[in-house]
Novice: 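Quick one: this structure, given as structure tokens, is what I'll be asking you about.
Each chain gets a letter, A, B and so on, in the order the sequences are listed, and its residues count up from 1.
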2 protein chains.
Amino acid sequence: MDFSSKLLENAVHEMSQLPGIGKRTALRLVLHMLKQPERQTEELSNALLKLRSAVQFCENCHNISDTALCEICANPKRDSELVCVVEDIRDVMAIENTGQYRGLYHVLGGKISPIEGMGPQDLKIASLVDKVKKGTIKELIFALSSTMEGDTTNFYIFKQIEGFEVRTSTIARGIAVGDELEYADEVTLGRSILNRIPFEGSLNKN
Amino acid sequence: MDFSSKLLENAVHEMSQLPGIGKRTALRLVLHMLKQPERQTEELSNALLKLRSAVQFCENCHNISDTALCEICANPKRDSELVCVVEDIRDVMAIENTGQYRGLYHVLGGKISPIEGMGPQDLKIASLVDKVKKGTIKELIFALSSTMEGDTTNFYIFKQIEGFEVRTSTIARGIAVGDELEYADEVTLGRSILNRIPFEGSLNKN
């Protein structure tokens, strides 16, 4: 593209570094900002700078936080004996949004994936194993994505904590609430039959 | 969404003010920035702030510029007697990218659209009429979009400069190069037949 302003070209270039934002979208966004009051661009830039410089990760669960210990870990009402292992911060938000979980989290920061060069040492696995060794956790819930990498990570952690007194579980996979059986994929439907639950049990869950 | 960090929430909120960026996309972009080196977020923020505070609009053609007179208007090799009237900055870029135009531009900053509350006084029409009145322009090329609003704007300007010595033209509408006739819409195909050009003329254009 042929920009008549170096400032514009630079802003578009920086914007197009973001994932999923091409040159054209970046230009559209930047030109939009030029039409808005200057204050709005300042607020965006300052919010990003402040986040990047001041944000912390919880020293216990590695969730994003404004303080050394995140709100969830610092909450005495949460069950600290129950820990849900997730890939990243977005999974914490997703589970928190359900309002169904009262335990703590442990954010791994990814999953074991040789293709992407992610090994166990790149994830927060050691600190999880340490917590288990201390004996304060009664149950670990694996809530990683149901892929080869997720399963590998689950299994790796499972092997590391073998022999310690901790229950392990994994979130239920099955047909989504409201979905029709005929459109479900076979693996999911197969699993949801194998892992069926007592009918009475399903009644008081919601 | 339930953010465990106010800083994150604020950054996501500001990001989602941009057009076409929802809360989820904003979160994805912001979390991506957190994984990148801090320098990258600084460069983006600074580029936006600098653009917003330092950018100017050319005093002659109203194109975006780093200087009082834009590169195009300041270029003595361009034909200053030929002026192409466009809606906004992106149209200038699009035409410049073709490498086929050696005249100057006049950026209106939109088109007359009562629905969007855009009247002639909101556009840079007065300065265009002034330029025509001075008699330095030989030809005005209307290159506005081919919509009701675009046509209205063309006609409004045309009426304002009636009686002054200036030729007016409009860019050719027709079947795009490489397109198949059978898939063209009837209006475009109809116009491209009505506005046919001599065959010899079409040969030396490209």
Novice: Given a strict heavy-atom distance threshold of 4.5 Å, which part of Gln56(A) is in contact with chain B: side chain, backbone, both, or neither?
Specialist: neither
Novice: Pick from Ser65(A), Gly109(A), Ser45(A): which one has the most heavy-atom pairs with chain B under 4.5 Å?
Specialist: Ser45(A)
Novice: Can you say whether Asn63(A) sits under 4.5 Å from chain B via the side chain, the backbone, both, or neither, judging by heavy atoms?
Specialist: side chain
Novice: Tell me, with the steps shown, if Met93(B) and Leu8(A) meet side-chain contact (heavy atoms from CB on, under 4.5 Å).
Specialist: CA-CA 12 Å; Met93(B) 286 184 205; Leu8(A) 178 67; 3.5 Å; yes
Novice: Can you tell which of Glu42(B), Arg28(B), Met15(B), Lys35(B) has the highest number of heavy-atom pairs within less than 4.5 Å of chain A?
Specialist: Arg28(B)
Novice: Under 4.5 Å between any side-chain heavy atoms of Asn10(B) and Lys50(A), yes or no?
Specialist: no
Novice: Yes or no on side-chain contact (heavy atoms from CB on, under 4.5 Å) for Leu18(B) and Met33(A), after CA distance, side-chain angles and deciding distance?
Specialist: CA-CA 8 Å; Leu18(B) 295 173; Met33(A) 281 185 220; 3.6 Å; yes
Novice: Which heavy atom of Ala47(A) sits nearest to which heavy atom of Ala11(B), and what is that distance?
Specialist: CB-CA, 3.9 Å
Novice: Using a 6.0 Å cut-off, check whether atom CZ of Arg196(A) has over 12 heavy atoms from anything other than its own residue.
Specialist: no
Novice: About how many Å separate CG of Leu31(B) and CD1 of Ile64(A), when rounded to the nearest 0.5 Å?
Specialist: 6.0 Å
Novice: With respect to chain A, which residue among Val55(B), Leu34(B), Ile89(B) yields the maximal number of heavy-atom pairs within a distance under 4.5 Å?
Specialist: Leu34(B)
Novice: Supply the atom-to-atom distance Glu43(A) CD to His13(B) NE2, rounded to the nearest 0.5 angstrom.
Specialist: 8.0 Å
Novice: Between Leu51(A) and Val30(B), what is the shortest heavy-atom contact and its length?
Specialist: CD2-CG1, 3.1 Å
Novice: When you look at CZ of Phe164(B), are more than 12 heavy atoms from neighbouring residues, nucleotides or ligands closer to it than 6.0 Å?
Specialist: yes
Novice: At a heavy-atom separation under 4.5 Å, does Thr67(A) approach chain B through its side chain, its backbone, both, or neither?
Specialist: neither
Novice: Shorter than 4.5 Å, heavy atoms on both sides: which option in Glu71(A), Gln36(A), His32(A) has the most such pairs with chain B?
Specialist: His32(A)
Novice: Between chain A and each of Asn46(B), Leu49(B), Asp88(B), Ile21(B), count heavy-atom pairs under 4.5 Å; write down the option with the most.
Specialist: Leu49(B)
Novice: Return yes when atom CD of Glu81(A) has more than 12 non-hydrogen atoms of other residues, nucleotides or ligands closer than 6.0 Å, and no otherwise.
Specialist: yes
Novice: If you look at every heavy atom in Arg52(B) and Pro37(A), which pair is closest and at what distance?
Specialist: NH2-C, 3.7 Å
Novice: Taking all atoms of both residues into account, what is the closest heavy-atom pair of Ser5(B) and Asp66(A), and its distance?
Specialist: OG-OD1, 2.6 Å
Novice: Taking atom CD as the centre, does Glu165(A) end up with more than 12 heavy-atom neighbours from other residues, nucleotides or ligands that are less than 6.0 angstrom away?
Specialist: no
Novice: Side chain, backbone, both or neither: which part of Gln17(A) has a heavy atom under 4.5 Å from chain B?
Specialist: both
